[in-house]
Protein chains: 4
Amino acid sequence: MTARRPASEARRSETSRRAILDAALDLVSEVGYTKLSVEGIAARAGVGKQTIYRWWPSKGAVLLDALLALNENQDGEVAVLPDSGDLATDLKLVLRATVEELNDSRIDEPMRALSTEIPRDPDLAATYEERLNGPIQELKKQRLRAAQRIGQLAEDADLDVAIEMIWGPLRSRWLHRSGPLTPEYADTVVETALNGLRPRRGEG
Amino acid sequence: MTARRPASEARRSETSRRAILDAALDLVSEVGYTKLSVEGIAARAGVGKQTIYRWWPSKGAVLLDALLALNENQDGEVAVLPDSGDLATDLKLVLRATVEELNDSRIDEPMRALSTEIPRDPDLAATYEERLNGPIQELKKQRLRAAQRIGQLAEDADLDVAIEMIWGPLRSRWLHRSGPLTPEYADTVVETALNGLRPRRGEG
Amino acid sequence: MTARRPASEARRSETSRRAILDAALDLVSEVGYTKLSVEGIAARAGVGKQTIYRWWPSKGAVLLDALLALNENQDGEVAVLPDSGDLATDLKLVLRATVEELNDSRIDEPMRALSTEIPRDPDLAATYEERLNGPIQELKKQRLRAAQRIGQLAEDADLDVAIEMIWGPLRSRWLHRSGPLTPEYADTVVETALNGLRPRRGEG
Amino acid sequence: MTARRPASEARRSETSRRAILDAALDLVSEVGYTKLSVEGIAARAGVGKQTIYRWWPSKGAVLLDALLALNENQDGEVAVLPDSGDLATDLKLVLRATVEELNDSRIDEPMRALSTEIPRDPDLAATYEERLNGPIQELKKQRLRAAQRIGQLAEDADLDVAIEMIWGPLRSRWLHRSGPLTPEYADTVVETALNGLRPRRGEG
DNA sequence: GGATAACCGAGACGGTACGTCCGGTCTTACC
DNA sequence: GGTAAGACCGGACGTACCGTCTCGGTTATCC
């Protein structure tokens with residue numbers, strides 16, 4: 001696990017790294033991202049500011065690492081989305097899990113912070129894409145391609161649009177707090193995305 | 001136009017107000033929202049800082065007003081979404097217009113700034129909801145309800161979900177710059193949202 | 001007295017200015033010049049750092065002003081050196097006063113600080129020359145010229161050298177703590193400087 | 001030469017020591033004492049910071065050693081001041097040599113640095129006194145005592161005052177750059193110190 | 001038409017945080 | 001055990017803005 005980090009970081013203090021990530025998570029929950037400061041993180045972590053600037057370019061980057069570390073802890077990392085043979089069932093399962101995650105205050109605040117910082121900071125966006133969003137996006141596409149192969153998803157569907165259709169509404173409602181995040185909402189979104197908004201032929 | 005502002009603002013300097021909004025728009029395009037500062041706006045507008053703080057609570061609020069003023073200028077304000085009788089056609093029209101708007105650099109930066117600031121600032125979010133998003137959301141719902149009445153949209157569809165399905169993907173691609181905003185993309189999204197992701201029965 | 005400051009400083013807070021000068025004097029005595037910091041002065045004075053940087057270029061400049069302010073307080077400022085008609089008597093008087101001043105802990109530390117900072121900082125040196133040393137030097141020269149006129153000082157004496165001869169030893173012993181500063185020492189220096197080091201002709 | 005250092009320093013790297021002293025001299029001339037840093041010296045010398053802190057307590061101490069090393073190089077070290085039998089002649093000779101030394105940019109900056117650091121740092125002052133100033137002071141006193149013995153200097157003269165009278169003005173003019181350092185100035189000072197400021201009896 | 005009060009520009013003020021430099025200590029790997 | 005390298009905690013630097021607060025100098029109503 002530690003060995004994963006490259007040789008150039010051989011002398012890096014694992015203690016300080018953990019303290020910084022923990023402090024960042026704690027503080028962002030306590031005071032919000034806007035009032036989160038590198039100075040504050042350093043103080044809370046009992047660390048010199050330089051130790052943060054040496055390894056991260058911004059408070060957003062610290063937070064991204066903190067979030068990644070959070071995932072690594074609850075290991076057995078899902079390397080793949082579930083595939084029971086039925087797309088709708090699986091998507092509901094996944095979205096319900098996402099609902100739970102976004103309702104987890106440990107994740108909610110830092111994730112919200114990242115979501116609003118990424119469009120402002122191209123460097124952070126690139127890292128986020130590479131380390132977090134990209135891989136996840138690929139998993140989603142794999143699952144959708146499997147569905148295409150067995151005729152559960154239109155063959156000519158644009159997968160990026162499809163992903164947006166499925167995961168977008170949840171994310172949007174969460175980010176703008178425009179409604180409660182419930183398992184039922186997850187189900188509704190999946191059904192609507194798959195079936196479309198038109199009245200279903202032969203219904204009623 | 002000026003008369004629209006309440007009596008309490010009778011003594012307010014229209015010159016300063018315009019200068020501030022213009023300066024805000026100019027600066028946010030030049031330096032980005034993060035480096036935009038009340039101090040900078042005041043300097044650029046040739047105005048005292050207090051004149052800004054007297055009328056707006058934050059730089060975000062200034063920008064919101066600036067954006068609203070921008071809309072008021074290009075008058076003939078569409079008080080309603082087009083209704084040709086065919087929902088798909090109308091939605092494509094509207095989304096193509098949105099595509100053009102979001103490609104307009106005059107609007108792009110301030111809009112992006114607001115989009116990332118709103119989830120961080122409840123007060124700004126409330127104002128945004130009341131002055132800009134709420135009314136627009138209502139127009140969209142009206143158009144969708146009309147479609148429901150003539151059987152072009154499922155009667156049991158959750159309109160909030162529907163709106164997210166239709167307008168979400170465009171907004172998301174724009175905000176994260178995850179692909180080009182083209183008229184064709186607008187069309188694809190409308191079709192996908194209406195028809196759903198499942199293979200259409202009897203197709204092929 | 002306050003009116004002496006130029007119009008450009010009309011809005012300057014006299015309260016803050018006094019607090020800063022007082023804090024600087026207190027701190028330099030407590031912790032020494034090396035550990036004196038602008039940050040520390042600001043904190044002690046209950047003032048923002050910018051308020052110091054707005055009006056002074058360095059901690060040395062603050063200290064110089066503090067010292068000048070100290071002199072202004074004990075008014076009745078001697079605009080001229082005493083002239084009783086006898087040079088030796090007057091010089092002893094003046095040097096004994098200097099001895100007392102340099103033994104005053106209120107003056108000792110800041111003066112010592114300035115003395116070591118001036119050779120390092122040309123800007124500070126210029127200000128010091130203009131505001132403090134220059135005028136004093138002029139007074140000394142006036143007194144010595146008077147002595148020349150009545151034959152108590154060699155007509156061809158270089159006044160700069162003369163001043164160094166008279167005031168230098170005291171200053172040197174003080175700066176390097178190479179011996180106690182006593183009235184007797186002052187007298188010895190005056191006698192030696194006036195009579196020279198050679199054996200006096202006809203003595204003994 | 002190397003053997004002069006005590007046994008405890010047996011393992012000390014002479015290469016590093018030289019590199020540090022050279023780097024210190026170079027840097028103090030380039031950037032001035034204030035901006036001279038242990039970090040900078042280490043980097044320039046290609047040496048670890050610890051190697052400096054192991055052997056010297058401060059940047060001032062390094063500089064003092066560097067200066068001492070400089071003297072040791074131009075060997076044939078004058079263990080005694082010249083004594084031709086005429087004090088005035090000898091003093092002029094010595095002061096003219098000092099003038100030349102102080103005009104040497106290789107010596108000027110580090111010496112100036114030391115001169116301003118010593119009154120701030122008692123430890124450095126002690127070392128300076130022991131290693132450099134003390135011995136020199138003793139040489140001066142020896143020469144002056146010899147002069148007293150043959151009636152060229154007043155028998156009751158305080159030698160410390162005498163030294164200050166003779167060497168002080170030069171040092172002061174140099175430190176405060178209050179005038180050019182010339183051989184003529186050296187001569188004037190010697191004459192004035194010996195003869196005193198009073199008009200000479202029987203002149204004219 | 002003279003008082004008066006809100007608005008305005010300017011910018012000083014007490015603060016917070018920035019991102020950097022360096023101090024002095026400690027650790028690692030080499031020789 | 002000395003050394004090069006450099007991470008570490010900490011303190012201060014000088015700067016940028018925050019949001020509040022005078023300060024005079026216009027307006028622009030209202031008596």
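Per chain, numbering begins at 1; letters A, B, ... match sequence-line order. Below, all heavy atoms of this structure are taken into account, side chains as well, without hydrogens, waters or symmetry copies.
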Length of the [atom1]-[atom2] vector between [X] and [N], whole Å:
X	N	atom1	atom2	value
L36(D)	dC21(E)	CG	P	16 Å
R17(A)	dA7(F)	CZ	P	16 Å
Y33(C)	dA12(F)	OH	P	15 Å

Exercise. Phosphate oxygens OP1/OP2 of dC13(E): is one of them under 4.0 Å from a side-chain N or O of W55(C)?
Worked result: yes

Exercise. With the threshold set at 4.0 Å, does a side-chain nitrogen-carboxylate oxygen contact exist between E117(A) and R112(A)?
Worked result: no

Exercise. So, are D22(C) and R17(C) salt-bridged, with charged N and O less than 4.0 Å apart?
Worked result: no

Exercise. Given that T51(D) and Y53(B) both sit by DNA chain F, which one's nearest nucleotide is further toward the 5' end?
Worked result: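 Result: T51(D).
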
Exercise. Of S37(C) and S16(A), whose nearest nucleotide on DNA chain F comes first from the 5' end?
Worked result: S16(A)

Exercise. What pairs meet the salt bridge (charged side-chain N to carboxylate O under 4.0 Å, His left out) rule with one or both residues in residues 51-63 of chain C, with sequence neighbours excluded?
Worked result: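 Listed by first then second residue: nothing to list.
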
For this session: Provide the full list of salt bridge (charged side-chain N to carboxylate O under 4.0 Å, His left out) pairs with a residue in residues 29-43 of chain D, sequence neighbours left out, each pair given once.
Result: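 Non-adjacent pairs meeting salt bridge (charged side-chain N to carboxylate O under 4.0 Å, His left out): E30(D)-R44(D), E39(D)-K49(D).
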
Are any protein N/O atoms closer than 3.5 Å to N/O atoms in nucleotides 27-31 of chain E? If there are, list each pair with its distance.
none

Exercise. Between the base of dG9(E) and the side chain of K49(B), is there any donor-acceptor pair under 3.5 Å?
Worked result: no

Check: residues 60-68 of chain D side-chain donor-acceptor pairs under 3.5 Å, at least two apart:
from: D65(D); atom 1: OD1; to: R131(D); atom 2: NH2; distance (Å): 3.3
from: D65(D); atom 1: OD2; to: W56(D); atom 2: NE1; distance (Å): 2.9

Exercise. Could you give the distance from OG (S115(C)) to OH (Y33(C)), rounded to the nearest 0.5 Å?
Worked result: 11.0 Å

Exercise. Which residues, if any, of residues 114-127 of chain D bring a heavy atom under 4.0 Å of DNA chain F?
Worked result: none

For this session: For DNA chain E, find the residues of residues 38-48 of chain B with a heavy-atom distance under 4.0 Å and give them by number; none if there aren't any.
Result: G46(B), V47(B), G48(B)

